[in-house]
Amino acid sequence: MITIKKVEKPGRKAAICDATLYALPDWFGREDSIVTYIKEVRDMPFWAAFEETRPIGFVALKKHTPYTAEICVIGILEAYHRQGIGKKLVARCEAFCAENHMEYLTVKTLDASRQDDGYAKTRKFYFAMGFRPLEIFPLLWDKDNPCLFMAKYLAPPV
């Protein structure tokens with residue numbers, strides 16, 4: 001059975017991030033990016049998906065303003081793709097936003113102007129989750145990795 005749990009300990013967050021991202025070279029192939037994520041997630045709200053006690057995926061959320069949070073990084077071991085785990089992790093981010101009266105959830109991903117089958121699936125996932133493309137930043141990361149900025153409007157709590 002797969003469960004989603006909030007992880008509080010910075011070292012545990014870093015370890016889960018490390019193991020997951022290094023297992024996903026088709027999505028996370030840049031050493032400098034992985035190292036940055038491992039450092040950053042230590043101080044972020046963080047949820048992990050577990051099969052029994054084994055972490056199989058995670059999401060880390062970056063709070064930007066009182067109105068907006070960003071999925072900073074999300075990763076699920078490839079053997080567990082298309083099983084609803086990403087949907088559950090994004091739902092946990094949305095719940096966090098609702099609990100904190102935030103109206104927008106955003107994410108950055110690779111734009112379609114760079115052909116990549118894995119990221120085509122990623123964009124399709126975000127679109128199915130209700131995210132919409134807002135802007136392309138061709139040089140945010142570097143010229144070979146154009147950034148697509150997506151957002152989802154979350155109805156403010158009543």
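Just so you know, these numbers come straight off a predicted model, no measurement behind them.
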Handout entry: Shared hydrophobic cluster for Tyr153 and Leu134 (ILVMFWY, side-chain gaps under 4.5 Å)
Key = no
Problem - Side chains of Leu110 and Leu148 in contact at under 4.5 Å (non-hydrogen atoms) - result: no
Practice task
Give me the ring orientation class for Phe96 and Trp47: parallel if the planes are under 30° apart, tilted from 30 to 60°, perpendicular past 60°.
Solution key: perpendicular
Exercise for the section: Give a yes or no on whether Phe50 and Val41 share a hydrophobic cluster (residues Ile, Leu, Val, Met, Phe, Trp, Tyr; joining criterion: side-chain heavy atoms under 4.5 Å apart). Expected result: yes
Practice task
Considering non-hydrogen atoms only, spot the tightest contact between Arg12 and Thr53 and give its length.
Solution key: NH2-O, 4.2 Å
Handout entry: Met129 vs Lys87 side-chain heavy atoms within contact, under 4.5 Å
Key = yes
Completion exercise
Of all heavy-atom pairs linking Gln83 and Ile2, the shortest is OE1-CD1, 4.3 Å
Practice task
Look only at the side chain of His101 and the backbone of Pro66, and say whether a donor-acceptor pair between them is shorter than 3.5 Å.
Solution key: no
Practice task
Test the Arg114-Tyr119 pair against the cation-pi criterion, namely NZ or CZ under 6.0 angstrom from the six-membered ring centroid and within 45° of the ring axis.
Solution key: no
Completion exercise
In this structure, OG1 of Thr3 is separated from CD of Glu52 (nearest 0.5 Å) by 8.0 Å
Handout entry: Least distance between heavy atoms, Arg42 atom then Ala14 atom
Key = NH1-CB, 3.6 Å
Exercise for the section: Could you tell me whether the side chain of Leu61 reaches within less than 4.5 Å of the side chain of Met44, counting heavy atoms only? Expected result: no
Exercise for the section: Report yes if some heavy atom in the side chain of Ile34 is under 4.5 Å from a heavy atom in the side chain of Tyr22; otherwise report no. Expected result: yes
Problem - Nearest-0.5 Å distance, CD of residue Glu135 to CG of residue Leu140 - result: 10.0 Å
Handout entry: Any side-chain heavy-atom pair of Asp142 and Arg30 under 4.5 Å
Key = yes
Fill in the blank from the handout: Cys93 and Ile71 have their tightest heavy-atom pair at SG-CG1, 4.3 Å
Problem - Same apolar cluster (I L V M F W Y, side chains within < 4.5 Å links), Ile16/Leu77 - result: no
Practice task
With the side chain counted from C-beta on, respond yes when Asp18 and Tyr37 share a heavy-atom pair under 4.5 Å apart, and no when they do not.
Solution key: no
Handout entry: Considering all heavy atoms, the nearest Leu24-Gly75 contact
Key = CD1-CA, 4.0 Å
Handout entry: Pair Glu70 + Lys63: basic N to acidic O under 4.0 Å
Key = no
Practice task
Determine yes or no for a side-chain-to-main-chain donor-acceptor pair under 3.5 angstrom, with Asn100 supplying the side chain and Met102 the backbone.
Solution key: no
Exercise for the section: For the pair Arg132 (side chain) and Phe127 (backbone), establish whether a donor and an acceptor sit closer than 3.5 Å, ignoring hydrogens and angles. Expected result: yes
Exercise for the section: Tell me whether Trp27 is reachable from Val73 by hopping between hydrophobic residues (I, L, V, M, F, W, Y) whose side-chain heavy atoms are closer than 4.5 Å. Expected result: yes
Exercise for the section: Decide, yes or no, whether a salt bridge links Glu103 with Lys152 under the criterion of side-chain N to carboxylate O below 4.0 Å. Expected result: no
Practice task
Would you confirm whether the ring centroid of Tyr67 sits within less than 6.0 angstrom of the ring centroid of Tyr104?
Solution key: no
Exercise for the section: Answer yes or no: are there more than 12 heavy-atom neighbours, outside Arg82 itself, under 6.0 Å from its atom CZ? Expected result: no
Completion exercise
Separation between NZ (Lys6) and CZ (Phe46), nearest 0.5 Å, reads 11.5 Å
Problem - SB check Asp43 Lys62 (cutoff 4.0 Å) - result: no
Handout entry: Gap separating the OG1 atom of Thr68 from the CG atom of Leu154, nearest 0.5 angstrom
Key = 9.5 Å
Completion exercise
Rounding to 0.5 Å, atoms CG (Asp26) and CD (Glu78) come to a distance of 6.0 Å
Problem - Minimum side-chain heavy-atom gap Leu89-Phe58 below 4.5 Å - result: no
Completion exercise
Test side chain to side chain contact (heavy atoms under 4.5 Å, CB included), reference Ile74, set Val90, Thr109, Ile85, output is Val90
Completion exercise
Separation between CD (Glu40) and SG (Cys17), nearest 0.5 Å, reads 9.0 Å
Handout entry: Phe125-Val59 co-clustered via ILVMFWY side chain contacts under 4.5 Å
Key = yes
Problem - Leu105 and Phe131, any side-chain heavy atoms less than 4.5 Å apart - result: yes
